[in-house]
Amino acid sequence: MTPRAIPMSQNNLPRELNGCDECQMERGQPRPIIDAVGWVVGIPSKLILWDRRAENHRISMETEAILAEYLASNELDQVKVRLNQYRPMDDWRRLRRNTAVAWPWRYTLGTLSVLGETIFPGRIVGGDHYNPYTGTIHIYSDIPAVALHEGAHAKDFARRDYPGTYAAIYLLPCAPLWHESIATREVLAYTDDLGDTRTKREAYHVLFPAYGTYSGSAAGYLLPVAATPLYYGSILAGHAAGRWQAHRDPSLTEHY
């Protein structure tokens, strides 16, 4: 989990995704009752990450600006960002236009992914994520490190020759450990190059326990009889490792 930038030799996202909506970053209209329900549903994520901003459905302009700068610096103009927004019809259109993903993947797993987002709105059930089939980042947490993490996923998928296959591999047991480590290491490298010590420390504190959920799930798959203690033990280990790494990081210790 040491910092390592994603080498961006190519961007395979089609131009048809650029400008097919009004703007790259869009916000959902205020919906106090819906967002309050979403905040309550997101309590487990707040506890896992130990951050009350997780799935709070109130994204600040700072988080938006940090993510926008990251996408611009990596020339990811085709990536759409929905900040606490539910626009399934637009996502269905983006699914059709994303020719970087082969049609067999788009109209099978891609259809299921958008259908899931349609039936279970993230605005209620939360879950910051990048959908590679539509080239869309969905953000519900006001945590810049988490937003950058999803942007890193977009960058990782954009450079792949076969993003549909790469996305399908993610569904295999233990495979998310690979994808998630790439995105986390990219965030650490990016914030290091930028000199953004606050977001880098935040990445250690939040992304490491988040990675613990994936390692815990993988461990539980291999040892199902101990799935629950392994899952929560991995989260605690992630918190400990993240804080230890932040403590040892020279770029952070010199700013104390």
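Here the structure is a predicted model, which means the values were calculated and not measured.
Between the CD atom in Glu55 and the CG atom in Asn84 there is a gap of 10.5 Å [rounded to 0.5 Å]. Here Trp92 contributes atom CH2 and Thr111 contributes atom OG1; the two are 5.0 Å apart, rounded to the nearest 0.5 Å. Taking CG from Leu83 and CE from Met61, the interatomic distance works out to 9.0 Å, rounded to the nearest 0.5 Å. Expressed to the nearest 0.5 Å, how far CG of Asp249 lies from OG1 of Thr197 amounts to 10.0 Å. Interatomic distance, CZ of Phe157 versus NE2 of His179, reported as 5.0 Å (0.5 Å rounding). Remark: Ile143 CD1 to Leu148 CG distance equals 11.5 Å, nearest 0.5 Å.
A donor-acceptor contact shorter than 3.5 Å links the side chain of Ser73 to the backbone of Tyr70. Checked by atom type and distance alone, the side chain of Glu186 pairs as donor or acceptor with a backbone atom of Ile6 at under 3.5 Å. Judged purely by atom type and a 3.5 angstrom limit, Arg106 has no side-chain atom pairing as donor or acceptor with the backbone of Gly164. No donor-acceptor pair under 3.5 Å is formed between the side chain of Ser234 and the backbone N or O of Tyr232. Side-chain atoms of Tyr133 never come within 3.5 Å of backbone atoms of Asn98 as a donor-acceptor pair (strictly under, hydrogens ignored). In this structure, His205 contributes its side chain and Ala203 its backbone to no donor-acceptor pair below 3.5 Å. Looking only at distances, a side-chain donor or acceptor of Ser181 sits under 3.5 Å from a matching main-chain atom of Leu177. Side-chain N or O atoms of Asn12 include one that pairs as donor or acceptor with a backbone N or O of Arg160 at under 3.5 Å. Checking side-chain atoms of Arg123 against main-chain N and O of Asp35 turns up no donor-acceptor pair under 3.5 Å. With hydrogens and angles ignored, the 3.5 Å screen pairs no side-chain donor or acceptor of Ser141 with any backbone N or O of Ala54.
Of the residues listed (Arg94, Gln24, His138), the one engaging Lys80 in a side chain to side chain contact (heavy atoms under 4.5 Å, CB included) is Arg94, and it is the only one. Among the candidates Arg4, Lys200, Arg185, the single residue satisfying the salt bridge (Lys or Arg N to Asp or Glu O under 4.0 Å) test with Asp192 is Lys200. When each of Arg159, Glu75, Gln78 is checked for a side chain to side chain contact (heavy atoms under 4.5 Å, CB included) with Leu13, only Gln78 meets the rule. The salt bridge (Lys or Arg N to Asp or Glu O under 4.0 Å) with Arg82 is formed by just one residue from the set Glu26, Glu150, Glu64; it is Glu26.
Dense packing is recorded around CH2 of Trp178, with more than 12 heavy atoms of other residues, nucleotides or ligands lying under 6.0 Å away. Counting heavy-atom neighbours within 6.0 Å of Ile33 CD1, excluding the residue itself, gives a total of 12 or less. Heavy atoms of other residues, nucleotides or ligands lying less than 6.0 angstrom from CZ of Arg27 number more than 12.
Side-chain polar atoms of Ser60 and Asp142 form a donor-acceptor pair below 3.5 angstrom. A side-chain N or O of Asn131 and one of Ser113 form a donor-acceptor pair less than 3.5 Å apart. Residues Asp161 and Tyr166 bring no donor and acceptor atom of their side chains to less than 3.5 Å of each other.
Hydrophobic clustering of Ile, Leu, Val, Met, Phe, Trp and Tyr side chains at less than 4.5 Å, counting indirect connections, keeps Val146 apart from Trp39. At a threshold of 4.5 Å between side-chain heavy atoms, the hydrophobic network of Ile, Leu, Val, Met, Phe, Trp and Tyr places Tyr130 and Met8 in one connected group. Clustering ILVMFWY residues whenever any of their side-chain heavy atoms sit less than 4.5 angstrom apart, transitively, puts Leu207 in the very cluster that holds Leu194. Met25 and Leu17 fall within the same hydrophobic cluster, defined by Ile, Leu, Val, Met, Phe, Trp and Tyr side-chain heavy atoms under 4.5 Å apart, directly or through other members. Taking hydrophobic clusters as Ile, Leu, Val, Met, Phe, Trp and Tyr residues chained together by side-chain heavy-atom distances below 4.5 Å, Val40 shares a cluster with Leu47.
Residues Glu180 and Tyr170 form a side-chain contact, since some pair of their non-hydrogen atoms from C-beta on lies under 4.5 Å apart. A 4.5 Å side-chain heavy-atom check between Arg53 and Glu202 finds at least one atom pair inside the cut-off. Under the 4.5 Å side-chain criterion, counting only non-hydrogen atoms from C-beta, Asp51 is not in contact with Lys46. For the pair His129 and Glu117, the minimum side-chain heavy-atom distance is below 4.5 Å. Here the side chains of Phe208 and Met1 are in contact, with some heavy-atom distance below 4.5 Å. When side chains are defined from C-beta on, Arg96 counts as touching Tyr107, because their heavy atoms get closer than 4.5 Å. Side-chain contact between Leu95 and Asp91 is absent, with no heavy-atom pair separated by less than 4.5 Å. No side-chain heavy atom of Val101 sits less than 4.5 Å from a side-chain heavy atom of Tyr162.
Of all heavy-atom pairs spanning Ala154 and Val79, the tightest one is CB-CG2, 4.0 Å. Residues Pro14 and Thr99 share a closest heavy-atom pair of CB-OG1, 3.5 Å. In terms of heavy-atom proximity, Thr118 sits nearest to Pro88 at OG1-CB, 3.5 Å. The nearest pair of heavy atoms linking Ile235 to Pro209 is O-CB, 3.9 Å. Thr199 and Pro144 get closest at one heavy-atom pair: CG2-CB, 4.2 Å.
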Walk me through it: do Tyr190 and Glu69 pass the test side chain to side chain contact (heavy atoms under 4.5 Å, CB included)? CA-CA 11 Å; Tyr190 174 75; Glu69 182 180 359; 3.9 Å; yes
In sequence, state the C-alpha distance, the side-chain angles, and the governing distance for Val81 and Leu71, and then conclude on side chain to side chain contact (heavy atoms under 4.5 Å, CB included). CA-CA 10 Å; Val81 179; Leu71 296 177; 3.5 Å; yes
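Below 30°, between 30° and 60°, or above 60°: for His57 and Tyr140 the angle between ring planes is between 30° and 60°, a tilted geometry.
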